[in-house]
Amino acid sequence: MSSKTSEEIFQHLQNIVDFGKNVMKEFLGENYVHCGEVVQLPLDFVKQLCLKVQCERPESRCDKDLDTLSGYALCLPNLARLQTYHFAEHRPILCVEIKPKCGFIPFSSDVTHEMKHKVCRYCMHQHLKVATGKWKQISKYCPLDLYSGNKQRMYFALKSLLQEAQNNLKIFKNGELIYGCKDARSPVADWSELAHHLKPFFFPSNGLASGPHCTRAVIRELVRVITRVLLSGSDKGRAGALRSGPGLRGPPVCEASPFSRSLRCQGKNTPERSGLPKGCLLYKTLQVQMLDLLDIEGLYPLYRRVERYLEEFPEERKTLQIDGPYDEAFYQRLLDLSTEDDGTVAFALTKVQQYRVAMTAKDCSIMIALSPCLQDASSDQRPIVPSSRSRFAFSVSVLDLDLKPYESIPHQYKLDGKIVNYYLKTVHAKDATVMPTRFKESEDCTLVLHKV
Ligand SMILES: O=P(O)(O)O[C@@H]1[C@@H](OP(=O)(O)O)[C@H](OP(=O)(O)O)[C@H](O)[C@H](OP(=O)(O)O)[C@H]1OP(=O)(O)O
Ligand SMILES: Nc1ncnc2c1ncn2[C@@H]1O[C@H](COP(=O)(O)OP(=O)(O)OP(=O)(O)O)[C@@H](O)[C@H]1O
């Protein structure tokens with residue numbers, strides 16, 4: 001950033017806003033996307049702010065410097081608050097932030113490792129992350145369970161996130177982080193402390209005793225409410241424009257998910273294909289993720305084609321809209337879902353831009369803000385989600401929607417190879433040689449599925 005001029009930084013920030021407005025709002029819907037605006041700030045203020053927040057930033061992020069020189073910044077609403085009110089809300093507020101990651105298994109015929117058609121990227125990547133020390137232990141969370149639309153699978157996914165939050169789950173109370181780790185060294189999940197925070201929200205007026213029974217009841221309520229909110233929504237958006245394309249392809253389950261492993265060893269059939277309601281944010285996010293039609297293995301040669309063209313005609317970078325503007329024309333080209341390569345730079349460019357958008361949707365977060373409302377209060381037509389002892393006004397927003405850079409594609413390609421090779425070499429090889437198949441199939445069979 002520091003090598004850029006103020007004007008370039010302004011343009012970069014404006015591009016982020018335009019991408020939100022012209023692309024993500026179109027795909028995900030008006031109510032979920034808050035693009036913010038570029039603002040100018042006094043340099044003195046920025047410097048002081050930078051000093052103040054430095055100690056709060058996770059160590060792993062501190063290699064990125066805050067820009068204190070340009071005087072430009074992106075101003076976003078506080079998404080840990082309800083977005084349905086245009087004035088400050090004084091009621092207590094809970095916010096659950098989920099980074100769901102990629103919810104489908106690649107269906108592209110360009111995939112060379114069979115394993116990529118069976119085990120999702122998140123589950124494979126877990127092993128590399130633990131091996132490199134990013135996290136201490138493998139999570140039972142599998143994005144395909146969350147995106148399944150099946151309440152039991154979603155319940156399992158959310159509970160797994162609560163057990164091993166990593167960077168996929170955070171909970172805020174009145175804007176303050178009360179659950180979720182900052183880095184690998186953060187303390188282990190403490191459900192009883194979490195339940196203590198949540199009890200007044202879910203059991204406001206009764207004297208539910210404390211202890212493990214209370215903790216379980218509170219966590220169950222939280223998981224139910226989040227599942228309901230995730231399945232709600234009739235917000236329009238043009239993700240429907242993508243429906244005729246990738247659709248629901250690829251296997252509906254990931255073989256590494258403890259949930260599906262458990263079903264398999266109980267002799268149960270593979271669960272049905274996505275039952276996500278079409279209006280909900282998860283469904284729309286998944287559709288955008290599926291703009292990654294070719295997988296990085298199919299995409300990389302197309303990226304190389306664009307690169308070769310740019311080496312020959314560097315001045316064309318602007319015309320190709322590699323770094324913006326992300327306008328209506330840019331959006332329209334994303335709707336071309338053909339996968340038949342006619343050998344042109346135009347085809348390669350469309351697939352590259354679609355891939356960048358898909359990657360953005362694979363890395364965004366969902367913020368769910370919940371504020372208790374009185375039992376008899378009218379809803380003011382705001383969305384309300386009931387729990388067994390209370391009701392919540394809620395809003396759902398998406399966070400981190402800046403388009404992934406064109407330059408990150410070679411990194412994606414290398415990382416993909418690393419993830420798969422590590423998984424094949426260690427986990428899968430170990431599974432195959434150490435345990436006879438019958439034995440392997442019966443591991444983890446103790447998973448108990450509760451009614452939700
Ligand atoms: O590649 P992934 O799947 O590890 O995703 C990266 C994230 O790691 P995660 O797997 O969520 O722990 C990673 O998350 P952390 O910073 O590690 O919390 C970033 O979001 C990264 O995006 P960027 O390069 O900072 O724009 C993400 O990189 P992109 O691949 O989205 O560019
Ligand atoms: N508009 C917002 N409202 C509420 N919380 C936010 C908002 N933006 C970011 N956050 C919180 O800050 C965290 C980090 O945000 P984000 O990933 O966008 O930062 P970043 O710019 O990538 O950070 P860094 O520069 O350290 O890499 C989010 O996970 C979320 O908890």
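Both ligands and their constituent atoms are indexed starting at 1 by order of listing. Everything numeric here is computed off the predicted structure, so don't read it as measured data. Just so it is clear, the values below take in all heavy atoms, side chains as well, and ignore hydrogens, waters and symmetry mates.
Environment of NZ in Lys21: sparse, with no more than 12 heavy atoms of neighbouring residues, nucleotides or ligands closer than 6.0 Å. The environment of CD in Gln54 is crowded: more than 12 heavy-atom neighbours from other residues, nucleotides or ligands sit within 6.0 Å. Heavy-atom neighbours of His127 NE2 from other residues, nucleotides or ligands within 6.0 Å: above the threshold of 12.
Of all the heavy atoms in Cys120 and Leu144, the pair that sits closest is CB-CD1, 3.7 Å.
Between Tyr303 and Tyr406, the angle of the ring planes lies from 30° to 60°, which puts this pair in the tilted group.
Residues satisfying the side chain to side chain contact (heavy atoms under 4.5 Å, CB included) test with Cys364, not counting sequence neighbours, are Thr285, Val398, Leu401. Checked against side chain to side chain contact (heavy atoms under 4.5 Å, CB included), Ala369 has the following partners two or more places apart in sequence or in another chain: Leu82, Ile93, Ser395.
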Pair Tyr309, Glu316 - check side chain to side chain donor-acceptor pair (under 3.5 Å), show working. CA-CA 9 Å; Tyr309 180 76; Glu316 285 290 292; 3.3 Å; yes

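Protein residues are said to neighbour a ligand when one of their heavy atoms lies under 4.0 Å from it; for ligand 1 these are Arg61, Lys64, Lys99, Lys101, Arg121, His125, Lys129, Lys134, Asn167, Met359, Asp363, Lys404, Gln412, Leu415. The protein residues lying under 4.0 angstrom from ligand 2, judged by non-hydrogen atoms, are Arg57, Arg61, Lys64, Leu76, Pro77, Asn78, Leu79, Ala80, Glu97, Lys170, Phe172, Met367, Leu399, Asp400.
Judged by distance alone, with hydrogens and angles left aside, the side-chain atoms of Arg57 form a donor-acceptor pair with the main-chain N or O of Lys64 at under 3.5 Å.
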